[in-house]
Amino acid sequence: MAAAAGTVLWRGLVGLLPRRGLGLAALLGRLSDRLSRGRDRRCRRSSWLLLAPLLTPAVPQVTAPACPEGTHKFQWIRNLVPEFGVSSSQIQVLSSPAQFFELMKEQIKGAKRRVVVASLYLGTGPLEQELVDCIEETLEWSFQASEQTDLRVSILLDFTRGSRGRQNSRTMLLPLLRRFPEQVRVALFHTPNLRGLLKLLMPERFNETIGLQHIKVYLFDDNLILSGANLSDSYFTNRQDRYVFLQDSPEIADFFTELVGAISDVSLQLQQDDTVQVMEGMVHPYQGDKLAYCEAANRRVMEVIHSARIRQELLHSQTFHSRRSEGNLLLLQQDPNAGGEQNQELDTWIYPLIQMKPFGIQIDERVTEMLMTEAERGARIYLTTGYFNLTQAYMDLVLGTRAEYQILLASPEVNGFFGAQGVAGAIPAAYVYIAHQFYSEVCCLGQRDRVQLQEYSRNGWTFHAKGLWLYLAGSRLPCLTLIGSPNFGYRSVHRDLEAQVAIVTENRALQQQLHEEQEQLYLRSEVVSSSTFEQPSRYVKLWVKMITPLIKNFF
């Protein structure tokens, strides 16, 4: 995907040379000089970078008031999104792709009312076919048990990625759609930014650089898996990601069902003959008016968020947001008529964070920036991404704020593009170049004691984990984690549809689970130093350095 964008932009740049009267050799010379001066310029930025907390634009309508009571300082997030209170006993942190795959199959087979899946794509191998077979068997069982089955299957994928090649996500799902047309819905999101001449000229694979449906939701009745993993064989075997299993959470399951439903409504609907149609009354994503489409999509998604906020606020006023007694909050079970413990303590809060810049929705970006801005001196933030390409705003906050940072990124050998043919094979080097630039800036600002880069390395594996763990000052365990689809890069913020959740917990056992998850990822890493970039495997060719600034916003 990124390689495709690089090829297009590179050819465009070369094509402009004759008209501008500038020879290729002269251009190379100028760019080489610019690169050599880059380190000096970055050092001169130190004075304003240290003022980043003051220079970062204020987040409207969101305040993070000082609160001495630990994790409750994050309740300002509910000013933007619904807040769901749960018991930590409902949450399990998984550690391996195999666990993720087996749990997916187990949950599909046990579903009685709904299976909701949102992913970038569904692969076409035997493991992916196993998942499809599980869905088919569950539908068949449900149909045999009752002719008026309540089971519904809703699948949301990206149109461009899911339509790639002759055998693709669509061909994998068509048998389900044809056999159970009343129970199965397959929606394919098409970015409104790929239209007109651009859509006509951009070939397959290249077109994915413009924007994607990148949200991952795996939901079964009232259980759901929160992850950044896609539905492809490597994500079930040897591609490291993150996974949190949330059980018996009907309010959260309802929210994500409605969210996926809203995006599906403004997406293309797959038909039994492998064509696609828009829903009646909906604006076409790339043939209709772009502004009208984006406004309609914004209304649909924000309606889900606002209605869930209102429901949760009413629930809070009746249950667990009562006055504190002796410094402790007495939390009652959300449904007093439900079975089990009548006075179950809710010690964990979940906040869904949505980012859909094409629709004017920037909640995840705002919350992430606020978390980084408000982290006090002595706090520790562990941030990990499979593709290290932070936005300028995030980089400035890392370099200019007070918390300590340990940032985990993929070594070239565990990058998903490592060993690829052609221009795609240079993508790992582009990430090395971006990391080297950032590391140089850390050194220029004298921030090496506060900001540390680490590279994940594991033979035979690739790395796709992304997220954040926040440790308050003086604490050895995290009280907050972000988990979901965003990579904290330009694409996540500006191009794609993304969703993650903030999990805030007071429970020591869950904090320990999250801490061990973080430790297991970082244990397979090595600290980045100046000598790291002197290794032969970190050599970056001049043309890669030249092209990276042009294509970095596409990957």
Side-chain angles (χ1 to χ4, degrees), residues 1 5 80-81 116-121 154-164 168-170 173 177 185-217 255-271 274-308 352-366 485-486 490-499 553-554:
M1 184 168 62
L80 290 171
V81 296
V116 179
V117 170
S119 190
L120 174 59
Y121 69 105
S154 178
I155 300 172
L156 170 67
L157 305 173
D158 181 72
F159 178 88
T160 54
R161 185 64 181 85
S163 303
R164 182 201 291 181
N168 51 45
S169 303
R170 293 163 63 164
L173 294 170
L177 192 61
R185 178 190 193 186
V186 179
L188 302 167
F189 173 78
H190 190 294
T191 177
N193 294 325
L194 181 63
R195 55 175 51 235
L197 190 61
L198 183 64
K199 180 174 176 62
L200 181 66
L201 296 179
M202 290 283 279
E204 195 173 87
R205 299 178 72 95
F206 286 55
N207 54 18
E208 297 172 28
T209 64
I210 305 304
L212 295 167
Q213 192 306 111
H214 200 243
I215 294 170
K216 282 80 173 179
V217 171
F255 172 83
F256 279 103
T257 297
E258 293 172 11
L259 178 66
V260 173
I263 303 169
S264 297
D265 287 349
V266 300
S267 299
L268 300 171
Q269 313 299 308
L270 184 64
Q271 306 299 303
D274 199 21
T275 61
V276 293
Q277 296 179 2
V278 295
M279 286 184 59
E280 185 177 354
M282 293 292 177
V283 182
H284 198 284
Y286 63 87
Q287 294 178 351
D289 181 77
K290 180 179 177 180
L291 180 60
Y293 172 79
C294 291
E295 288 178 346
N298 176 286
R299 285 194 300 270
R300 261 315 263 117
V301 173
M302 292 307 298
E303 179 183 282
V304 171
I305 296 171
H306 290 321
S307 62
L353 308 178
I354 313 303
Q355 184 75 12
M356 301 178 182
K357 187 68 173 289
F359 303 156
I361 300 172
Q362 299 171 252
I363 298 172
D364 179 64
E365 175 188 7
R366 293 162 65 184
S485 64
Y490 187 92
R491 285 195 64 101
S492 293
V493 172
H494 295 279
R495 294 186 179 277
D496 298 340
L497 305 192
E498 305 278 10
N553 290 346
F554 291 87

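- Judged purely by atom type and a 3.5 angstrom limit, Gln269 uses its side chain to pair as donor or acceptor with the backbone of Ser264.
- In this structure, the separation between CD on Glu258 and CG on Asp265 is 11.0 Å, given to the nearest 0.5 Å.
- Of all non-hydrogen atoms in Tyr490 and Asn553, the two that sit nearest each other are CD2-O, 3.2 Å.
- Checked by atom type and distance alone, the side chain of Arg170 pairs as donor or acceptor with a backbone atom of Asp274 at under 3.5 Å.
- Two residues are said to be in side-chain contact when any heavy atoms from C-beta on lie closer than 4.5 Å; Gln271 and Leu177 fail this criterion.
- Looking at Ser163, its side chain never comes within 3.5 Å of a backbone N or O of Thr160 through a donor-acceptor pair.
- Without hydrogens or angle criteria, Lys216 side chain to His214 main chain gives a donor-acceptor distance under 3.5 Å.
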Show the atom names and distances, to 0.1 Å, of all donor-acceptor pairs under 3.5 Å that link a side chain in residues 357-364 to residues at least two apart or in another chain.
{"from": "Lys357", "atom 1": "NZ", "to": "His494", "atom 2": "ND1", "distance (Å)": "2.9"}
{"from": "Gln362", "atom 1": "NE2", "to": "Glu365", "atom 2": "OE1", "distance (Å)": "2.9"}
{"from": "Asp364", "atom 1": "OD1", "to": "Gln500", "atom 2": "NE2", "distance (Å)": "2.6"}
{"from": "Asp364", "atom 1": "OD2", "to": "Gln500", "atom 2": "NE2", "distance (Å)": "3.4"}

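- Annotation for Leu198 and Ile210: closest pair CD2-CD1, 4.1 Å, computed over non-hydrogen atoms.
- Remark: His284 NE2 to Met279 CE distance equals 14.0 Å, nearest 0.5 Å.
- For the atom pair Leu120 CG and Ser169 OG, the distance stands at 8.0 Å (nearest 0.5 Å).
- Annotation: side chain of Thr191 is not in contact with side chain of Pro285 (no heavy-atom distance under 4.5 Å).
- Side chains of Asn207 and Lys199 form no contact here, defined as non-hydrogen atoms less than 4.5 Å apart.
- Cation-pi geometry between Arg495 and Phe554 is satisfied (NZ or CZ under 6.0 Å from the ring centre, within 45° of the ring normal).
- The distance from atom CZ of Arg164 to atom CG of Asp158, rounded to the nearest 0.5 Å, is 10.0 Å.
- Minimum heavy-atom separation, Phe256 to Val217: CD2-CG2, 3.8 Å.
- A heavy-atom distance below 4.5 Å is not found between the side chains of Gln355 and Pro486.
- Judged purely by atom type and a 3.5 angstrom limit, Gln213 uses its side chain to pair as donor or acceptor with the backbone of Ile215.
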Exercise for review: Verify side-chain contact (heavy atoms from CB on, under 4.5 Å) between Arg491 and Thr209, making sure each step is shown before the conclusion.
Suggested key: CA-CA 9 Å; Arg491 285 195 64 101; Thr209 64; 4.2 Å; yes
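- Within the 4.5 Å cutoff, the side chain of Met356 has heavy atoms near those of the Ile263 side chain.
- The side-chain heavy atoms of Leu194 and Phe159, taken from C-beta on, include no pair separated by under 4.5 Å.
- Here the shortest heavy-atom pairing between Val260 and Ala118 reads CG2-CB, 4.0 Å.
- Although no hydrogens or angles enter the test, the distance criterion places a donor-acceptor pair under 3.5 Å between the side chain of Ser485 and the main chain of Ala499.
- Using a 4.5 Å heavy-atom threshold, the side chains of Tyr121 and Leu212 count as separate.
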Practice item. Check the pair Leu173 / Leu157 against side-chain contact (heavy atoms from CB on, under 4.5 Å), numbers first and verdict last. Key: CA-CA 11 Å; Leu173 294 170; Leu157 305 173; 3.8 Å; yes
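- Considering only heavy atoms from C-beta on, Arg300 stays 4.5 Å or farther from Met302 through its side chain.
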